[in-house]
Amino acid sequence: MNPLILVNALHPCPPVSGWRSFEEQTDIYQNSLVRNGRSFTRKYVALPGHSEHQTGLAIDLSLRGLTLEEYLA
């Protein structure tokens, strides 16, 4: 069985992203600027050094078991 199907069955809102480094947040921010533009990125993506993910206090959840990148694609 596909593990993603099992996770979705057990947890309708599975975690898809947790702690991330400064470098990873920088990549996420830069990629969002390219793919989504400045307005979207400034509204929805934390600047490197300002993300709660870097403190370990935040997680992203997904209703469909998709990562943000997969959802926006």
Side-chain angles (χ1 to χ4, degrees):
M1 173 180 265
N2 181 330
L4 187 57
I5 292 171
L6 182 58
V7 167
N8 282 333
L10 298 174
H11 304 284
C13 295
V16 294
S17 177
W19 179 86
R20 61 179 68 123
S21 68
F22 182 90
E23 292 78 15
E24 186 176 0
Q25 186 65 29
T26 299
D27 289 343
I28 290 169
Y29 193 87
Q30 294 299 324
N31 288 336
S32 183
L33 283 172
V34 171
R35 293 181 73 183
N36 306 305
R38 185 176 180 175
S39 179
F40 175 94
T41 301
R42 291 182 74 188
K43 185 173 182 177
Y44 295 109
V45 183
L47 285 165
H50 297 271
S51 171
E52 290 293 321
H53 286 279
Q54 288 175 243
T55 67
L57 297 175
I59 61 170
D60 292 332
L61 303 174
S62 174
L63 292 176
R64 297 182 187 170
L66 302 174
T67 65
L68 179 60
E69 291 80 11
E70 291 168 334
Y71 181 78
L72 293 175

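Keep in mind the model is a prediction, meaning the values are calculated, not measured. Reckoned from all heavy atoms, side chains included, excluding hydrogens, waters and symmetry mates.
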(message) Checking the side chain of Q54 only, and the main-chain atoms of P48 only, is there a donor and an acceptor separated by less than 3.5 Å?
(response) no
(message) Side chains of R42 and L47, heavy atoms from C-beta outward: is any pair under 4.5 Å?
(response) no
(message) Strictly distance-based, threshold 3.5 Å: is any side-chain N or O of T55 a donor or acceptor partner for the main-chain N or O of E52?
(response) yes
(request) Check the side chains of S17 and R20 for a donor-acceptor pair under 3.5 angstrom, ignoring hydrogens and angles. (result) yes
(message) Tell me the closest heavy-atom pair linking L33 and T41, and the distance in Å.
(response) N-OG1, 3.3 Å
(request) Measure the spacing between CD of Q30 and CD of Q25 and express it to the nearest 0.5 Å. (result) 11.0 Å
(message) Determine whether a donor-acceptor pair (N or O, by modelled atom type, separation under 3.5 Å) exists between the side chain of S32 and the backbone of I28.
(response) no
(request) Following the transitive rule for hydrophobic clusters with a side-chain heavy-atom cut-off under 4.5 Å over Ile, Leu, Val, Met, Phe, Trp and Tyr, establish whether W19 and F22 coincide in one cluster. (result) no
(request) Nearest 0.5 Å please: distance from the CD1 atom of I59 over to the NE2 atom of H53. (result) 8.5 Å
